[in-house]
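Heads up, the thing below is written out as structure tokens.
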Amino acid sequence: MSEENLPIRMLHDRVLIDSEESAKERRSGAGILIPATVQMGKRLNWAKVVAIGPNVRAVEVGDRVLFDPEDRSEVEIGGKTCILTRERDLHAVAAERIPDAGTGLYL
């Protein structure tokens with residue numbers, strides 16, 4: 001059996017996210033199209049969770065997470081490039097299952 005056909009199980013607090021979603025072009029608030037190749041200052045990206053390890057508590061497969069694209073390890077799985085990170089390196093989670101309780105900030 002080749003390595004490409006082996007099942008993968010994430011370990012510990014690791015999170016595998018889809019880098020394809022984070023590499024898409026986007027639009028500014030004024031509607032200007034910004035290509036994915038444009039390098040901006042320190043900018044966090046959103047991506048979809050593909051797999052999680054057994055010790056991950058706040059994230060589920062299918063959630064969208066906010067991460068720093070400079071703090072990442074890339075891996076190719078089945079011809080698709082994904083990003084491997086730890087749960088603690090994620091900055092936010094967006095999912096329908098999360099109740100809308102505001103940002104939690106005290107002003």
Side-chain angles (χ1 to χ4, degrees):
M1 180 180 275
S2 71
E3 290 180 13
E4 294 174 5
N5 297 329
L6 293 176
I8 297 173
R9 180 177 56 160
M10 302 303 293
L11 301 175
H12 311 295
D13 67 339
R14 302 306 195 276
V15 178
L16 190 67
I17 55 180
D18 183 4
S19 67
E20 301 298 322
E21 186 168 325
S22 67
K24 291 181 182 175
E25 55 191 27
R26 58 190 185 279
R27 290 198 178 271
S28 71
I32 298 170
L33 185 65
I34 303 170
T37 57
V38 171
Q39 293 294 324
M40 299 184 70
K42 182 99 170 161
R43 182 180 177 92
L44 301 177
N45 289 347
W46 288 97
K48 186 176 178 182
V49 175
V50 177
I52 60 173
N55 296 338
V56 173
R57 295 184 281 176
V59 179
E60 294 180 7
V61 174
D63 288 354
R64 288 176 42 91
V65 292
L66 188 63
F67 72 101
D68 184 351
E70 294 178 11
D71 272 347
R72 67 186 196 177
S73 299
E74 290 185 358
V75 62
E76 188 171 320
I77 300 174
K80 187 174 186 178
T81 302
C82 293
I83 298 169
L84 179 64
T85 186
R86 291 177 179 254
E87 181 181 25
R88 69 179 181 209
D89 294 332
L90 300 175
H91 297 280
V93 180
E96 290 184 15
R97 63 181 168 76
I98 298 173
D100 184 18
T103 61
L105 299 175
Y106 293 98
L107 301 176

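Excluded from the calculations below are hydrogen atoms, water molecules and symmetry mates; all remaining heavy atoms, backbone and side chain alike, are included.
In plain terms, the two heavy atoms of H91 and F67 that are nearest each other are CD2-CA, 3.9 Å. In terms of heavy-atom proximity, V93 sits nearest to D63 at CG1-OD2, 3.5 Å. The two residues P69 and L44 make their nearest non-hydrogen contact at CD-CA, 4.0 Å. V50 approaches I17 most closely through the heavy-atom pair CG2-C, 4.0 Å.
With a 6.0 Å radius and a threshold of 12 heavy atoms from other residues, nucleotides or ligands, H12 has its NE2 atom at or below the threshold.
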Which pairs would a plain distance check flag for residues 83-90, meaning a side-chain donor or acceptor within less than 3.5 Å of a matching protein atom at least two apart in sequence or in another chain?
residue: E87; atom: OE1; partner: R57; partner atom: N; Å: 3.3
residue: E87; atom: OE2; partner: R57; partner atom: N; Å: 3.2
residue: E87; atom: OE2; partner: A58; partner atom: N; Å: 2.7

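Remark: I77 engages I8, L16, V75 in a side chain to side chain contact (heavy atoms under 4.5 Å, CB included) (not counting sequence neighbours).
Two residues are said to be in side-chain contact when any heavy atoms from C-beta on lie closer than 4.5 Å; V15 and M10 fail this criterion.
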